**Q** 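What follows is a single structure, and I will ask about it in a moment.
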Amino acid sequence: MKRILVSACLFGINCNYKGKNNLNYRIFSLMDDFSLIPVCPEQLGGLPTPRPRAEIQGGKGWVPGSRVVNEFGNDMTTAFKRGAEEVLKIAKLFGVEFAILKSTSPSCGTQYVYDGTFNSILVPGVGVTAALLRENGIEVFSEDEIEYIGS
Ligand code: SF4
């Protein structure tokens with residue numbers, strides 16, 4: 001059975017920055033055909049829950065040299081990169097081919113992320129973990145693209 005990484009908050013795990021989740025019941029429809037592995041890169045990177053909101057600076061999502069800063073102006077880049085590396089480690093350990101990641105997150109976003117101004121402005125771009133997984137040949141999809149998994 002193929003293995004898929006899934007953002008843990010989509011499973012109903014209370015790991016998002018508010019200490020809540022982003023439960024999406026469509027994820028459960030995949031359980032008959034795939035082995036699903038929940039991960040939260042921000043927790044794996046050592047960040048607390050709840051935690052301050054964070055956004056990638058620069059308005060382009062995660063690109064080389066980007067920084068992730070929280071709403072108090074603290075540079076959180078190291079923790080976000082550490083979390084992405086831990087998720088990649090899990091992906092390699094389990095031979096994962098795909099990931100379904102929560103849209104717009106500075107870690108998990110696959111198409112759009114917030115622009116770094118904390119003004120709720122989305123821009124095209126990917127989160128830190130989504131970028132690292134893609135760089136390593138793992139296909140990443142948002143929860144809105146579940147129908148493309150495995151096709
Ligand atoms: Fe969900 Fe990803 Fe944010 Fe963790 S880092 S709460 S898995 S979107």
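For ligands, and for the atoms within them, numbers begin at 1 and follow the listed sequence. These numbers were taken from a predicted model, which means no experiment stands behind them.
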**Q** Which atoms of ligand 1 have any heavy atom of Glu42 under 4.0 Å away?
**A** 3 (Fe), 5 (S)
**Q** Which of the atoms of ligand 1 are close to Lys102, meaning less than 4.0 Å from one of its heavy atoms?
**A** 8 (S)
**Q** Quick one: does Glu143 get within less than 4.0 Å of ligand 1, heavy atoms only?
**A** no
**Q** Taking both backbone and side-chain atoms into account, decide whether Cys15 has an N/O/S atom under 2.8 Å from atom 2 (Fe) of ligand 1.
**A** no
**Q** Knowing that exactly one of Leu10, Ile4, Ile27 qualifies, which makes a side-chain contact (heavy atoms from CB on, under 4.5 Å) with Ile146?
**A** Ile27
**Q** Applying the 4.5 Å side-chain criterion to the ILVMFWY set and letting contacts propagate, would Leu122 and Ile56 be lumped into a single cluster?
**A** no
**Q** Which of the atoms in ligand 1, numbered in the order shown and given with their element, are less than 4.0 Å from a heavy-atom of Asn16?
**A** 6 (S)
**Q** Is atom OH of Tyr112 surrounded by more than 12 heavy atoms (other residues, nucleotides or ligands) closer than 6.0 Å?
**A** no
**Q** Mind checking whether Met31 and Ile13 sit in one hydrophobic cluster, side chains of I, L, V, M, F, W, Y counted as touching below 4.5 Å?
**A** yes
**Q** Could you list which atoms of ligand 1 come closer than 4.0 Å to a heavy atom of Ser105?
**A** 3 (Fe), 8 (S)
**Q** Look at the rings of Phe141 and Phe98 and say which category their plane angle falls in: under 30° parallel, 30 to 60° tilted, over 60° perpendicular.
**A** tilted
**Q** Give the contacting part of Cys40 toward ligand 1: side chain, backbone, both or neither, where contact means a heavy-atom distance below 4.0 Å.
**A** both
**Q** Is atom 4 (Fe) of ligand 1 less than 2.8 Å from at least one N/O/S atom of Cys108?
**A** no
**Q** Looking only at the side chains, is there a donor atom on one of Gln57 and Ser66 sitting less than 3.5 Å from an acceptor on the other?
**A** no
**Q** Where does Thr129 meet ligand 1, judged by heavy-atom distances below 4.0 Å: at the side chain, the backbone, both, or neither?
**A** neither
**Q** May I ask you to test the Ile37-Arg3 pair for a side-chain heavy-atom distance under 4.5 Å?
**A** yes
**Q** Do the side chains of Glu86 and Lys89 get close enough for a salt bridge, i.e. N-O under 4.0 angstrom?
**A** yes
**Q** Can you tell if the side chain of Glu139 reaches within under 4.5 Å of the side chain of Glu97, non-hydrogen atoms only?
**A** no
**Q** Tell me whether ligand 1 is touched by Thr49 - counting only heavy atoms on the residue side and a distance under 4.0 Å.
**A** no
**Q** Looking only at non-hydrogen atoms, which of Pro38, Cys9, Pro106 approaches atom 1 (Fe) of ligand 1 most closely?
**A** Cys9
**Q** Any idea which atoms of ligand 1 are less than 4.0 Å away from a heavy-atom of Val39?
**A** 7 (S)
**Q** Check each atom of ligand 1 against the heavy atoms of Ala8 and keep those under 4.0 Å away; list them by number with element.
**A** 7 (S)
**Q** How does Arg51 reach ligand 1, if at all, at less than 4.0 Å between non-hydrogen atoms: by side chain, backbone, both, or neither?
**A** side chain
